[in-house]
Amino acid sequence: MTQRFIPAAFIRGGSSKGVFFHARDLPADRAAIDPILLGVLGSPDPNGRQLDGMGGGISSLSKGVIIGPPTRPEADVDYTFAQISVDRPVVDWKGNCGNLSAAVGPFAVDEGLVHVADGEALVRIHQVNTRKLIHARFPVRDGRAETRGDFAIAGVAGTGARIRLDFLSPGGSQCAGLLPTGNAVDVLDIPGFGRLRASLVDAANPAVFVDARDLGLTGVEAPEAIEARADLMALLDRIRRIAGVAMGLAATEEAVGLANPRVALLAVPTAARILDGTVLDPAGHDVTIRMLSMERPHRAVPMTGALCLAVACRIEGSIAHTLAARGARPEEVRVAHPSGMLTVGAEVRRDKAGWQADSAVVFRTQRRLMQGAVALPI
């Protein structure tokens, strides 16, 4: 045999796809898992297509998930996430994928790791990377997670069964707190550009929010238009790395990882043309975002990025709070992104210690696409 085979499932969660493994089928040491994930996904691929693996050539399709027994008493399963770079031999273990979080509960039920009755199931997930808890609620029929339903999400064709995800106490997933610097707005010194206002927020995953107008942009640029500008891409990455140091994620710009913090351009509600050709009605959303993930403009919005934005919109004085319209339900934020619109919710309060995020909520769908074993060259 020139290849060995590892049990796995290929699953879509929200607007991402990833390869799911049982922890029992992989080494315990992450350093030993890295080459396995790189081989399975087909990285590094200098052509950016991952043709020799399960990856899809973009960050949202180059992911791994490991599910195992819970290591916290208030959880039913442990969920560890790995972001695999497309063109580099890099596996980033520092963050979470909110979209793939939607598939963790159904995977646990379908694999017999959690036993629930038919009806609405609750699976309590320990997200190992961020050390946070996620509660997933979804329908179960005949002992299996239901996939059929009438719930639609932007960027995914068709409909599916609705999954509610409650991210509990999402602040400080990687940094010292919800506002790592203690400020709703910081001013960053960017060499070659000057001073730039930015909101540095860590909720579900750390992110850097800037007003698109401060960079001479509208905030509704298409992902390919952003990526086509090498000068803009370099500037956004420099902003991201400088912010990462300010947030305490690394001691130097060079040491800031590829996955986090993410950097996002924000704008007021705008009539923007999305990827399917339709034009969004500004009255139908509260804020506009263009976010970069793994050094690439995202074609939708990373789910944890949207959750972080929802929290930021509730923090008075932040750039997100300043730009976002106030909807009928203040705890919900309707986010316009390149593929459409997404509604996310956040419960945020201010006490003597400062701003606190109690929870962030989003609704997703998921579907298992394939199961069996993935081949790994020996």
Side-chain angles (χ1 to χ4, degrees), residues 14-15 98-99 151-156 162 164-167 170-171 178-179 184-185 197-205 207-215 217-223 262-276 278-293 297-350 355 357-364:
S15 55
N99 275 296
F151 188 70
I153 59 176
V156 178
R162 193 183 78 162
R164 174 180 172 132
L165 296 173
D166 290 80
F167 292 74
L178 176 62
L179 296 176
V185 176
R197 298 179 309 122
S199 289
L200 314 181
V201 185
D202 180 7
N205 263 338
V208 185
F209 299 107
V210 300
D211 187 332
R213 295 172 299 185
D214 290 344
L215 297 180
L217 303 169
T218 64
V220 299
E221 287 81 4
R262 289 163 176 155
V263 61
L265 305 169
L266 299 183
V268 297
T270 307
R273 187 175 302 277
I274 60 176
L275 295 179
D276 68 2
T278 61
V279 176
L280 295 177
D281 181 355
H285 55 275
D286 303 314
V287 66
T288 303
I289 189 170
R290 296 294 184 266
M291 181 169 270
L292 274 69
S293 173
H298 206 284
R299 293 176 65 82
V301 60
M303 187 49 53
T304 51
L307 293 169
C308 191
L309 174 60
V311 170
C313 285
R314 302 290 306 281
I315 298 174
E316 293 177 8
S318 74
I319 289 173
H321 180 267
T322 301
L323 293 175
R326 306 291 180 262
R329 303 183 65 179
E331 73 278 8
E332 293 185 356
V333 179
R334 300 169 300 171
V335 180
H337 55 82
S339 290
M341 198 273 290
L342 166 71
T343 299
V344 285
E347 292 290 344
V348 179
R349 57 186 169 83
R350 190 174 192 175
W355 289 100
D358 292 327
S359 68
V361 180
V362 71
F363 298 94
R364 300 275 84 187

Are side-chain heavy atoms of V335 and T343 found at a separation under 4.5 Å?
-> no
Reported CG-to-CD1 distance for the pair L200 and I319, which is rounded to 0.5 angstrom = 8.5 Å
Close side-chain approach of V268 and V287, heavy atoms under 4.5 Å = no
When rounded to the nearest 0.5 angstrom, what distance separates OG in S293 from NE2 in H298?
-> 5.0 Å
Nearest 0.5 Å please: distance from the CG atom of L266 over to the OG atom of S199.
-> 8.0 Å
Compare all side-chain heavy atoms of F167 with those of V362 and state whether any distance is below 4.5 angstrom.
-> yes
Check against side chain to side chain contact (heavy atoms under 4.5 Å, CB included), L178 and I315 | CA-CA 10 Å; L178 176 62; I315 298 174; 4.0 Å; yes
Flag side-chain contact, heavy atom, 4.5 Å: L265 against I289 = no
Minimum heavy-atom distance L309-A320, with the two atoms named | CD1-CB, 3.8 Å
Heavy-atom distance under 4.5 Å between the side chains of I274 and P338, does that happen here?
-> no
Which pairs count as salt bridge (charged side-chain N to carboxylate O under 4.0 Å, His left out) when at least one residue sits in residues 338-349, sequence neighbours excluded?
-> R349-D351, R349-D358
List the atom of G219, the atom of A267, and the distance in Å for their closest heavy-atom pair.
-> CA-CB, 4.0 Å
Side chain to side chain contact (heavy atoms under 4.5 Å, CB included) with S15: which of M303, R364, R299, H337?
-> R364
If you look only at pairs with a residue in residues 313-328, which of them pass as a salt bridge (charged side-chain N to carboxylate O under 4.0 Å, His left out), with sequence neighbours excluded?
-> none
Distance in Å, L165 CG paired with N99 CG, rounded so as to fall on 0.5 Å steps = 9.0 Å
Between A336 and L280, the two heavy atoms sitting closest are CB-CD1, 3.7 Å
Here the gap from F209 atom CZ to L323 atom CG, rounded to the nearest 0.5 Å, amounts to 11.5 Å
Would you say the side-chain atoms of T270 pair up with the backbone N or O of A272, donor to acceptor, closer than 3.5 Å?
-> no
Between V263 and M291, is any pair of side-chain heavy atoms under 4.5 Å apart?
-> no
Pair V344-V361, side chain to side chain contact (heavy atoms under 4.5 Å, CB included): steps then yes or no | CA-CA 6 Å; V344 285; V361 180; over 6 Å; no
Could you pull out the closest heavy-atom pair between P269 and P282, with the gap in Å?
-> CB-O, 3.4 Å
Do L307 and V311 have side chains that get closer than 4.5 Å, going by heavy atoms?
-> no
Write down the atom of A357, the atom of P170, and the distance for their closest heavy-atom approach.
-> O-CD, 3.5 Å
The reported gap from CZ in R350 to CH2 in W355 (rounded to nearest 0.5 angstrom) is 5.5 Å
Quick one: side chain to side chain donor-acceptor pair (under 3.5 Å) pairs with a partner in residues 281-290, sequence neighbours left out?
-> D286-R334
Is the closest side-chain heavy-atom distance between V201 and L179 below 4.5 Å?
-> yes
Take R262 and V208 through the test side chain to side chain contact (heavy atoms under 4.5 Å, CB included) and record every step on the way to the result.
-> CA-CA 6 Å; R262 289 163 176 155; V208 185; over 6 Å; no
Do you know the tightest heavy-atom contact between P223 and P297?
-> O-CG, 3.5 Å
